[in-house]
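Worksheet: the structure to be examined is printed underneath.
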Amino acid sequence: QVQLVESGGGSVQTGDSLRLSCAVSGRTSVIYGTGWFRQAPGKEREPVATMYWNSGNTRTPDSMKGRFTISRDNTKTTMYLQMNNLQPEDTAVYYCAATRNYPLTYGPGDYAYWGQGTQVTVSS
């Protein structure tokens, strides 16, 4: 099993930056890819950014490019999401996730391992 624990959420103002962390532990050798997703009230869970775990190469949906950056440390025990110029529409619960499946996709259903989520609230 893979365990994921997010941290770093909170309440910020429009235009602020925030960095989320995700501690990765357990049987990490099975991980093929990881990702950050978010879910706002009444909306479906959507991808923010994904990463090929071993290489560190990233894939980001066009709608998220420019303000969101996924990364990890060299020990592969922590993953990050840097969020810049936050807007009220970015308010959501943010989740980190991991998959052992190939190919790496943006679909939440392809990810078997999930953290508990961390709330990000952006006020104007």
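Quantities reported herein were computed from a predicted structural model and do not represent experimental measurements.
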Just to verify, what does Thr121 make a side-chain contact (heavy atoms from CB on, under 4.5 Å) with, not counting sequence neighbours? Ser11, Thr91, Gln119
Hey, could you give me the OG1/NZ distance between Thr34 and Lys76, rounded to the nearest 0.5 Å? 10.5 Å
What residues form a side chain to side chain donor-acceptor pair (under 3.5 Å) with Gln3, not counting sequence neighbours? none
Here the pair of heavy atoms bringing Arg100 nearest to Val30 is CB-O, 3.1 Å
Could you tabulate the donor-acceptor pairs under 3.5 Å formed by side-chain atoms of residues 79-86, not counting sequence neighbours?
residue	atom	partner	partner atom	Å
Gln82	NE2	Asn84	OD1	2.9
Asn84	OD1	Ser17	OG	3.0
Asn85	OD1	Gln87	NE2	3.0

I want to know whether Tyr32 and Tyr102 have ring centres closer than 6.0 Å. yes
Are Met51 and Tyr95 in one and the same hydrophobic cluster, where Ile, Leu, Val, Met, Phe, Trp and Tyr link if side-chain heavy atoms are under 4.5 Å apart? no
Report yes if some heavy atom in the side chain of Ile31 is under 4.5 Å from a heavy atom in the side chain of Val24; otherwise report no. yes
With Thr77 via side-chain contact (heavy atoms from CB on, under 4.5 Å) - residues at least two apart: Asp73, Thr75
Exercise: identify the closest heavy-atom pair between Val120 and Gly9: CG2-CA, 4.2 Å
Please answer whether the main-chain N or O of Ala40 pairs with a side-chain N or O of Arg45 as donor and acceptor at a distance below 3.5 Å. no
Locate the shortest heavy-atom distance separating Ser124 from Thr14; write the atom from each residue and the value. CA-OG1, 3.3 Å
By side-chain contact (heavy atoms from CB on, under 4.5 Å), which residues pair with Thr50, not counting sequence neighbours? Arg59, Leu104, Tyr106, Tyr111
Treating Ser123 as the side-chain partner and Gln13 as the backbone partner, does any N or O pair qualify as donor plus acceptor under 3.5 Å? no
Those residues that, when tested against Glu44, pass side-chain contact (heavy atoms from CB on, under 4.5 Å) (two or more places apart): none
OG1/Thr99 to CG/Asp110 distance, rounded to the nearest 0.5 angstrom? 6.0 Å
Check for a donor-acceptor pair, side chain of Glu46 on one end and backbone N or O of Arg38 on the other, with a separation under 3.5 Å. no
When rounded to the nearest 0.5 angstrom, what is the spacing between SG in Cys96 and CG in Leu20? 9.0 Å
Is it the case that the side chain of Thr60 and the backbone of Lys65 share a donor-acceptor pair, with hydrogens and angles ignored and the cut-off at 3.5 Å? no
At their closest point, which heavy atom of Ser21 faces which heavy atom of Thr78, and how far apart are they? CB-CG2, 4.3 Å
With the side chain counted from C-beta on, respond yes when Trp53 and Asn57 share a heavy-atom pair under 4.5 Å apart, and no when they do not. no
Quick check: do Asp90 and Arg67 have side-chain heavy atoms less than 4.5 Å from each other? yes
How many angstroms lie between atom OH of Tyr94 and atom SG of Cys22, to the nearest 0.5 angstrom? 15.0 Å
Classify the ring geometry between Phe37 and Trp114 as parallel (under 30°), tilted (30 to 60°) or perpendicular (over 60°). tilted
Of the non-hydrogen atoms in Pro47 and Met64, which two are nearest, and what is the gap between them? O-CE, 3.5 Å
